[in-house]
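Structure, as structure tokens:
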4 protein chains.
Amino acid sequence: MKYQLRRSSGTPAYQQIIEQTEQALRLGILKPGDKLPTAREVVESAVVNGNTVLRAYQELQRRGLVESRTGLGTFVVGTLGSADRVDGSGLRQELEQWMTRAREHGLEREDVMALVVSVGDACFAERAPEGRAR
Amino acid sequence: MKYQLRRSSGTPAYQQIIEQTEQALRLGILKPGDKLPTAREVVESAVVNGNTVLRAYQELQRRGLVESRTGLGTFVVGTLGSADRVDGSGLRQELEQWMTRAREHGLEREDVMALVVSVGDACFAERAPEGRAR
Amino acid sequence: MKYQLRRSSGTPAYQQIIEQTEQALRLGILKPGDKLPTAREVVESAVVNGNTVLRAYQELQRRGLVESRTGLGTFVVGTLGSADRVDGSGLRQELEQWMTRAREHGLEREDVMALVVSVGDACFAERAPEGRAR
Amino acid sequence: MKYQLRRSSGTPAYQQIIEQTEQALRLGILKPGDKLPTAREVVESAVVNGNTVLRAYQELQRRGLVESRTGLGTFVVGTLGSADRVDGSGLRQELEQWMTRAREHGLEREDVMALVVSVGDACFAERAPEGRAR
DNA sequence: GTGGTCTAGACCACG
DNA sequence: GTGGTCTAGACCACT
């Protein structure tokens with residue numbers, strides 16, 4: 001697990017850490033029992049303040065995804081989404097092929113993202129309470 | 001064009017407006033000559049302060065995507081990405097099919113997004129200057 | 001609403017703020033719609049750092065008791081306990097009389113508290129999941 | 001004497017041990033000559049690190065409430081408050097009755113505690129040096 | 001002026 | 001060494 005923070009994105013750093021951790025949980029990169037990097041490690045690797053990391057970890061703890069034990073570290077205890085259903089379904093491969101094709105068509109990364117959000121909104125639009133996305 | 005702000009997302013409101021506008025540009029929902037909603041309209045529809053909208057529009061203008069003409073409104077003058085290349089390429093349809101399949105496999109919206117980001121990182125990773133993604 | 005922090009108590013300051021706010025909610029001192037003191041005001045009156053106050057307010061917000069609106073302040077939106085049932089029940093008066101008697105018997109404040117905790121444990125002991133009190 | 005630690009309360013474990021010991025002293029549950037549980041016993045029953053228990057006992061010793069004799073154990077040597085005055089005064093019985101009534105009125109444990117603190121502040125408020133209560 | 005994020009660094013509790 | 005609290009002060013978003 002390695003965090004990639006975009007400092008200029010406007011999204012708070014501690015929130016990016018939360019999002020990336022949840023993403024890793026969804027993708028099965030992190031599983032219950034796994035140890036998150038220590039706050040100190042993240043400070044070094046992601047060039048961010050220790051408090052910021054702790055804040056993110058505490059929020060993850062509050063969400064029941066993680067548990068911190070002083071002197072030991074922070075460990076995954078919850079799961080998120082359905083990462084396991086992806087493996088063996090071919091979904092990933094198909095997406096890779098599609099994205100390669102999109103790229104060959106001249107689409108940039110951000111174009112692809114915008115398209116995915118747009119299609120996702122339509123596809124997963126079932127009475128979303130309010131505020132579909134960003 | 002209608003803005004959907006997530007107030008609790010942590011991402012500043014004015015930035016969400018910018019992002020959604022740029023996204024619309026990439027998707028071809030907005031094209032040069034189009035008129036953005038007036039600040040007043042956004043204030044009402046998105047429950048946000050007028051100054052916030054103006055700040056977002058100013059930033060869009062600074063980026064050369066938009067032009068405000070007093071008394072008339074704010075108009076799109078620039079383009080972004082390669083929206084036109086999507087039409088007729090079948091890319092959108094393929095994505096829709098893929099996403100439907102993903103959904104039938106039990107994936108949630110957030111799972112799909114995590115997967116897309118993950119694959120996107122791999123696919124568009126070429127000499128990322130630094131901090132290519134989140 | 002005025003916070004009285006015991007800095008030497010070992011209990012974190014931000015947590016004392018949370019506890020006292022919840023207590024005020026239980027006692028009906030704070031009701032939905034009421035405005036909490038601004039972080040700045042608490043900083044001055046309670047001699048504590050602004051971040052510490054914000055942290056407490058954010059936790060209260062997370063618990064759904066309070067809502068912060070930038071530029072406006074922090075407002076009570078939730079309720080807690082059954083404060084209204086105390087009024088008119090005579091419970092408060094009876095407690096006051098009992099406590100006066102206890103004091104005349106030579107009990108100190110801390111003695112009273114210890115006694116109350118002890119009796120409370122017995123009286124409200126219904127299968128508490130684990131960890132009854134301090 | 002059995003310690004009940006709330007791990008999530010924010011209050012340090014070693015302090016909870018101190019508080020509970022003092023409370024027992026005030027209530028007469030512990031009297032001079034009594035033996036505290038050995039650190040080892042506490043470690044097992046309260047799932048806490050041995051050093052933490054020792055630190056608490058040292059603090060109690062510093063306060064003159066307790067004395068550790070190597071090879072024998074830790075023994076109560078001091079008193080606190082006026083526990084003896086409670087017995088035979090009827091105070092405890094009255095409190096029990098009041099609390100039962102409170103409970104029948106629908107008050108929760110936390111409501112009662114908030115009320116007691118509130119009344120206690122008023123009743124024992126005399127020239128509080130500063131920050132008399134929470 | 002109000003809430004909120006971030007930093008740098010100190011100090012504490014715990015293993 | 002690991003998580004956690006607190007401070008002082010800077011800077012930002014929003015009303």
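Per chain, numbering begins at 1; letters A, B, ... match sequence-line order. Quick caveat: nothing in here was measured; it's all calculated off a predicted structure.
Rounded to whole Å, the distance from CG on A:L5 to P on E:dT5 is 15 Å. Rounded to whole Å, atom C1' of F:dA13 lies 11 Å from atom CG of B:N49. Between the CG atom of C:L36 and the P atom of E:dT2 there is a distance of 13 Å, given to the nearest Å. Atom CG of C:L54 and atom P of E:dT7 are 17 Å apart (whole Å). Spacing between atom CD of A:E59 and atom P of F:dG3 amounts to 17 Å, rounded to whole angstrom units. In this structure, A:Y57 places its OH atom 11 Å from P of F:dT2, rounding to the nearest Å. As a whole-Å value, the separation of A:I18 CD1 from E:dT5 C1' is 12 Å. If you take CD of C:E67 and P of E:dT2, they are 18 Å apart, rounded to a whole angstrom.
With a 4.5 Å cut-off on side-chain heavy atoms, B:Y14 and B:L5 do not count as touching. The shortest distance between side-chain heavy atoms of B:L65 and B:L25 falls below 4.5 Å. Residues A:M1 and A:Q20 form a side-chain contact, since some pair of their non-hydrogen atoms from C-beta on lies under 4.5 Å apart. Proximity of D:R69 to D:T74: side-chain heavy atoms (C-beta onward) are nowhere separated by under 4.5 Å.
Checking the phosphate oxygens (OP1, OP2) of F:dG4, a side-chain nitrogen or oxygen of A:S68 falls inside 4.0 Å. Put simply, C:R69 has no side-chain N or O that comes within less than 4.0 Å of OP1 or OP2 on F:dA13. Between E:dG4 and C:Q61, a contact under 4.0 Å exists linking OP1 or OP2 to a side-chain N or O. Of the side-chain N and O atoms in A:R7, none sit less than 4.0 angstrom from OP1 or OP2 of E:dT5.
Partner assigned to E:dC6 is F:dG9, using Watson-Crick or G-U wobble distances below 3.5 angstrom. Across all strands shown, E:dG1 is found opposite F:dC14 as a Watson-Crick or G-U wobble partner, with both distances under 3.5 Å.
Mapping B:V48 and C:V47 onto DNA chain F via the closest heavy atom, the residue that lands nearer the 5' end is C:V47. Residue C:T74 is the one, among C:T74 and D:G50, whose nearest nucleotide of DNA chain E lies closer to the 5' end (criterion: closest heavy atom).
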Practice task
Carefully, step by step, assess B:L30 and B:L36 under the rule side-chain contact (heavy atoms from CB on, under 4.5 Å).
Solution key: CA-CA 9 Å; B:L30 284 180; B:L36 291 188; 3.5 Å; yes
Could you pull out the protein-nucleic contacts involving nucleotides 10-13 of chain E (nitrogen or oxygen on both sides, under 3.5 Å)?
unit_1	atom_1	unit_2	atom_2	d
E:dA13	OP1	D:Y14	OH	3.0

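Electrostatic pairing of C:E59 and C:R63 counts as a salt bridge here, judged by a charged N lying under 4.0 Å from a carboxylate O.
For the residue pair B:Y3 and B:T21, a side-chain donor N or O sits within less than 3.5 Å of a side-chain acceptor on the partner.
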